[in-house]
Every structure is written in C-alpha cells, then in structure tokens.
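In what follows, a structure is listed as structure tokens, so that the remarks can point back to it.
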Amino acid sequence: MPELPEVEITRRGITPTVTGSTITGVVVRNPNLRWPVPGELQALLNGKTVRRVLRRAKYLLFDIDQGWLILHLGMSGSLRLTDTQVPPQKHDHFDLVFGTKILRLRDPRRFGAVLWTTEDIYTHPLLAHLGVEPLSPEFSGEVLYRASRGRTAAVKQLLMDHTVVVGVGNIYANESLYRAGIDPRTIAGRISRVRFGRLATEVRLTIEAAIKAGGSSLRDFVHSDGSSGYFQQQYFVYGRTGQACRVCGRPVKVVRLGQRSTFYCSQCQH
DNA sequence: AAATTCTCCTGAAGGC
DNA sequence: TGCCTTCAGGAGAATT
C-alpha cells in the first residue's frame, strides 16, 4: 500500500512529464471514491496548466491556475503515465489528459480521493491540522516528546497520529519502532526524550531508505503499464509473524493495537 | 479531549 | 478445483 515513500516517488516520477503541461481533458469513469469526484472537473481544468506537483503528508497537490487538484492514493491507489492508445482497465477511475499523454489513477479499493479547491491549500480542512513532515528539519524527538506528555496511548499510536507527524503508516511505524528498539505497546507518555530522539532518527532513516530504494527501481515510471511501481522491501518485522528476528532469531510476535496489526521482537524491543 | 470504534472497498489468502 | 469466509488497511467521522 502506498505509504509516504511511494507517494513521494510517484510525485518525482510524474513531475517531469506533468509540470508545465496543459490539461486537454478529464475523464471520470467512476466518481465513487472516498468522496465523490467533482463532476465539473472537466469544465474546471480544461485548458489549464499544471505549474508543479507538491506533496503534503500522503496527499499529492497539483498546482493548477487558480486552484489545487488534491489527490490521495488511499490503500490501493496508483498513478501511471500512459497514452491515449492504452485502454483503461477495470479499476482505472480517473484520467488527466495532456494531449496524447494520460495521467491515470487506478484504485481497486476506492479509498483514494480526487478533489478540487480554490482555497489556500494549507488551510484546506484536509491539510490544516496535519503535523510535521518526517523528512523536514522540524521533525525531531522533541516533537514526539512534547506531543506525548500526558498521553496514555501506546507509542505506536502516537507515531501514527497525523496531527503529530504525517506519513507514518502501519508499515513504517512497525519498522521504525523495531529499529529504535522500542516496544510498540509502551505508553507514549512514559518514554524519555532520549528514546524519542532515537525514534525520530529511525523514522527518518527508514523513510529515506525506502525512497532511495524505490527511486532506483522506478526508472521506467513514465512508461509503467502494469507494475505501477510499488516496491517490495525487506522488512525487519512487518508481516513476519512467527519468522525469526533478523537480529536475535526469536520469532516475531504480533498483537492488535488500535485495530492495526503490530509486529515486534520481544527480545530486541523494550 | 484523548482514545476508541466505525466505515468505506475488493483482492488475496485460508479453510474445507 | 472451487466456493465461501476472513482479513488487511488510510484516515476521516462518529462515539465514548
């Protein structure tokens, strides 16, 4: 599923083709995504030019004359660049057409979103209350520490709280906590500054490494037809229930935390 | 007010 | 082989 690294790689992949290009058509095959795709998009966007593509959290933001196209990939969404000759497939719900080229959204589970706003993008309801970007200089253990005081929820849930830090989904929360040696069930409010410092470092390193790995495996992004480009990484704990910890060899355990599968090593994480 | 639960959806995986 | 059931999960919304 797309986490922040996949979204960022997607952004980088489409930027060269999309930036400066003029929209010549919009196709909405199925408007029933997370929220209805606005029916008037065709009229709104036709003839307009994409100035740039930004990312905030897992949202892709297309800066278009007088407004913003907001796109989220949800659980199963992917974007690919293709051309008008390629027939859409079953779950290809949305096209942004640039002459003979098409930016096409595929999303089997339809948890994604395509929205339009003319507001100031950073005060938009979806973005206004988001926390810091994990790759920005503002992100540090201090951010986590301050947010954690008085909180009795598990540290993993704090890490996945998007009003604190954005873009840390289930996979990277599990992996970062493993790398920081912290038990995901630990009460957030009882973790020290020092340990949060280590955790922030591991969050950043894990995400950076994933972007690097994904970027190098996505050279053909522009002509990706089927393999939209998500990359499989080697995880320490995620999805490895019962398998040997890569460090100590003990079986990886799984528990439910906040309705989410949580993987950890009882030897390496405290 | 923080914490928890619910909800959307379909492909994959597991059971028999 | 095939049908049926269960599960996963991003994140906003609704509850507690």
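First the proteins, then the strands, lettered A, B, ... as listed; each starts at 1.
Applying the 3.5 Å distance criterion, the base of C:dG10 shares no donor-acceptor pair with the side chain of A:R109.
The phosphate of C:dG10 (OP1 or OP2) has no side-chain N or O of A:R34 nearer than 4.0 angstrom. Using a 4.0 Å cut-off, no side-chain N or O of A:K90 falls inside it from OP1 or OP2 of B:dT10. Within the 4.0 Å cut-off from OP1 or OP2 of B:dT7, not a single side-chain nitrogen or oxygen of A:Q259 is found. Between A:Y59 and the phosphate of C:dG12, there is a side-chain N or O to OP1/OP2 separation shorter than 4.0 Å. Phosphate contact (OP1/OP2 of C:dG9, side-chain N/O of A:Y238, threshold under 4.0 Å): present. The shortest distance between the side-chain N/O atoms of A:H72 and the OP1/OP2 oxygens of C:dA11 is below 4.0 Å. Regarding contacts with the backbone of C:dG12, every side-chain N or O of A:H129 stays at 4.0 angstrom or more from both OP1 and OP2. Distances shorter than 4.0 Å separate some side-chain N or O of A:S261 from OP1 or OP2 on C:dG9.
Of the candidates B:dA3, C:dA8, C:dG12, B:dA3 carries the atom nearest the A:T152 side chain, counting heavy atoms from C-beta on. Relative to the side chain of A:M75, the nucleotides C:dG12, C:dA8, C:dG10 differ in distance, and C:dG10 lies closest.
If you measure from atom CG of A:N170 to atom P of C:dA11, you get 11 Å, rounded to the nearest angstrom. Between the OH atom of A:Y172 and the P atom of C:dA11 there is a distance of 13 Å, rounded to whole Å. Atoms CZ (A:R256) and C1' (B:dT5) sit 12 Å apart, rounded to a whole Å. Rounded to a whole Å, the NE2 atom of A:H162 is 8 Å from the P atom of C:dG12. At whole-Å resolution of the value, CD1 in A:I70 and C1' in C:dG12 are 14 Å apart. In this structure, the CG atom of A:L33 is 11 Å from the P atom of B:dT10, given to the nearest Å. Straight-line distance from the NZ atom of A:K156 to the P atom of B:dT4: 13 Å, rounded to whole Å. One interatomic measurement links the two molecules: CD of A:Q157 to P of B:dT4, which rounds to 6 Å at whole-angstrom precision.
Going from atom CD of A:Q42 over to atom CG of A:L96 covers 10.0 Å, rounded to the nearest 0.5 Å.
Atom CZ of A:R29 has more than 12 heavy atoms from other residues, nucleotides or ligands within 6.0 Å. In the displayed structure, A:K253 atom NZ is contacted under 6.0 Å by at most 12 heavy atoms of other residues, nucleotides or ligands.
Scanning both residues, A:M75 and A:F111, for their nearest heavy atoms gives CG-CD2, 3.2 Å.
Base engagement by A:R260 is indicated by at least one non-hydrogen atom pair under 4.0 Å involving a base atom. Counting non-hydrogen atoms under 4.0 angstrom, A:L126 reaches the backbone sugars and phosphates but no base.
Stacking is not found between A:F111 and the pyrimidine-like six-membered ring of the C:dA11 base under the 5.5 Å centre-distance and 30° plane-angle cut-offs.
Partner of A:K156 under the side chain to side chain donor-acceptor pair (under 3.5 Å) criterion, out of A:T186, A:D183, A:N170: A:N170 alone.
Ionic pairing of A:E208 and A:K212 is not present here: no N-O contact between side-chain nitrogen and carboxylate oxygen is shorter than 4.0 angstrom.
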